[in-house]
S.K.: 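I'd like to ask some things about the structure below.
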Protein chains: 2
Amino acid sequence: MRKLLLADDHELVRETIAEFLRLQGGFCVVSANSLDSALATLDKEGPVDLVLLDYAMPGMDALTGLATMKARAGCPVAILTGTAPPDVARRALRAGAAGFLPKTLAPQSLVAAVRHMLSGETYMPLDFLTKIEPDDGRINLTPREKDVLLGISEGKSNKEIARDLDIQEVTVKLHLKTLSRKLGAKNRTHAAMLARDMGLT
Amino acid sequence: MRKLLLADDHELVRETIAEFLRLQGGFCVVSANSLDSALATLDKEGPVDLVLLDYAMPGMDALTGLATMKARAGCPVAILTGTAPPDVARRALRAGAAGFLPKTLAPQSLVAAVRHMLSGETYMPLDFLTKIEPDDGRINLTPREKDVLLGISEGKSNKEIARDLDIQEVTVKLHLKTLSRKLGAKNRTHAAMLARDMGLT
DNA sequence: TATCCCCCTATGCAATTGGATAGGGGGAGG
DNA sequence: CCTCCCCCTATCCAATTGCATAGGGGGATA
């Protein structure tokens, strides 16, 4: 029988999902309430076939928890989340998650998703697939635009960036405007977040 | 002889530091130009006593690379960086790094730092030590501040956030000001980046 | 009760940001 | 040569942000 490890700090949510996966999916499910205890459970209970990790949970610290678990578990690791921002999904998948499961997912879909991932595939809800495409197409910023974007994402003001790059402040604004258009960003903060969502950190 | 793994994508920098550590430190140094190749090198060359990772390098993706390496290497892992923002240093240490080495470090200090970390200690340049204390304790934002921070990190304007939360724009500014102080952010963009670096996404 | 914290609001001002318009100079390629 | 693209600069203006000051109301707690 396929064995799953489910880690979520909400007792109720965790046990509900675990029980559901046992009854409806016929899986063997072990659970944990934090990243650390999940790792400990792995040591104790032996290897599993799939790990489901709550995105917001003690020890997760954004996606570093995913990386840790992936390195330790040696099996697909999926991210489970209550709030479902599409950009988190993107980052999770890029960071090597086997899938991204919003808790709003229909129960039957949950079982299907788990089976899907157990067979080695990557799972992602349809809603997100469409929202990913647009950013799929190649975005190419000019070197200068990357310089500016880097400065922005370090929280610098235009003035500071201008000084660092030894250009005028207006020019920084110019680059910011064009790169924001390319990225589809509403403002500098949005641009910075999008930059981090891609590899441009 | 103590064995080090040095990963940096800048050929020149990497080899210079490696050679220096060999000659001045008497270490055995193996090197790699990306996180993946560093992990591959570990498999091939066997375990090492200390890993030095460039912070901005293919595959690092902020601190997830650190987590991956830590889980795999089973030895202290330090972060190496050219640009040295103190907040990165803090996060690196909190994420379990054995040390934080700015490339501007005096060569002799570099050897000392490496020896320090080999003995299991944590290394960090003096400049940063002072700046760490204040944020040392857990940062706790009030619920409202988190709401605002969330909006900020979605690139929304104060006006939009105010509408979403059904409060006045001034109040949004107020929360932004206080949460920025708590996080040590210079402005909204900086706050957004810090927010994403922690779990508060 | 007194005190503290959180939340909210208001006014006003300085600084920054965002955006439009209008250029010049240089390099690459048809 | 002409065109396109990138980079740079300038001026001007509207909008937003950042910051300070000065409150009121409610809930928790000592």
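Keep in mind that what you see is a predicted model, and the values were worked out from it rather than measured. Letters A, B, ... mirror the listed sequences (proteins, then strands); counts begin at 1.
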S.K.: Which nucleotide in the list D/dG18, C/dG18, C/dC8 gets nearest to the side chain of B/H175?
M.R.: C/dC8
S.K.: Look at B/R144 and C/dC6 and indicate whether a side-chain polar atom (N or O) is within less than 4.0 Å of OP1 or OP2.
M.R.: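 So the side-chain polar atoms of B/R144 never come under 4.0 Å of the phosphate oxygens OP1 or OP2 of C/dC6.
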S.K.: Taking side chain as C-beta onward, heavy atoms only, is A/K146 less than 4.5 Å from A/P143?
M.R.: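 A/K146 does not reach A/P143 side chain to side chain.
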S.K.: Would you kindly give the CD1-to-P distance between B/I161 and D/dG18, to the nearest whole Å?
M.R.: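 Interatomic distance, CD1 of B/I161 to P of D/dG18: 10 Å.
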S.K.: Toward the 5' end of DNA chain C, which comes first, A/K159 or B/T142, by nearest nucleotide?
M.R.: B/T142
S.K.: To check you understand the geometry: which heavy-atom pair defines the closest contact between A/P76 and A/A98, and what is its length?
M.R.: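 That would be CB-CB, 3.5 Å.
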S.K.: Do the side chain of A/E160 and the main chain of A/S157 share a donor and acceptor less than 3.5 angstrom apart?
M.R.: yes
S.K.: Using modelled atom types and a 3.5 Å cut-off, is there a donor and acceptor pairing between side-chain atoms of A/N187 and backbone atoms of B/G155?
M.R.: yes
S.K.: Rounded to whole Å, please give me the gap between CG in B/N187 and P in D/dC19.
M.R.: 8 Å
S.K.: Starting from P on D/dA15, measure out to NZ on A/K177 and report it in whole angstrom.
M.R.: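 Going from A/K177 (NZ) to D/dA15 (P), I get 17 Å.
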S.K.: Start at the 5' end of DNA chain C and walk down; is the nucleotide closest to B/V170 or to A/S157 reached first?
M.R.: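 Per heavy-atom nearest nucleotide, the more 5' residue is B/V170.
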S.K.: Atom CG of A/L165 to atom P of D/dC6: distance rounded to whole Å?
M.R.: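 These atoms are roughly 17 Å apart.
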S.K.: Measuring to OP1 and OP2 of D/dT17, would you say a side-chain N or O of B/N158 lies under 4.0 angstrom away?
M.R.: yes
S.K.: Could you state the atom-to-atom distance from CG of B/L174 to C1' of C/dC7 in whole Å?
M.R.: 8 Å
S.K.: Would you mind reading off the distance between B/Q168 atom CD and C/dT9 atom C1', rounded to a whole angstrom?
M.R.: 7 Å
S.K.: So which heavy atom on A/V48 is nearest to which on A/K3, and how close?
M.R.: CB-O, 3.5 Å
S.K.: Between C/dT17 atom C1' and A/K186 atom NZ, what is the distance in whole Å?
M.R.: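 So the two atoms are 16 Å apart, to the nearest Å.
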S.K.: Please tell me which of the listed nucleotides, D/dC8, C/dT17, D/dT17, lies nearest to the side chain of B/K173?
M.R.: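 Given the options D/dC8, C/dT17, D/dT17, the side chain of B/K173 is closest to D/dT17.
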S.K.: Whole Å only: how far is the CD atom of B/E145 from the C1' atom of C/dC5?
M.R.: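 So the two atoms are 11 Å apart, to the nearest Å.
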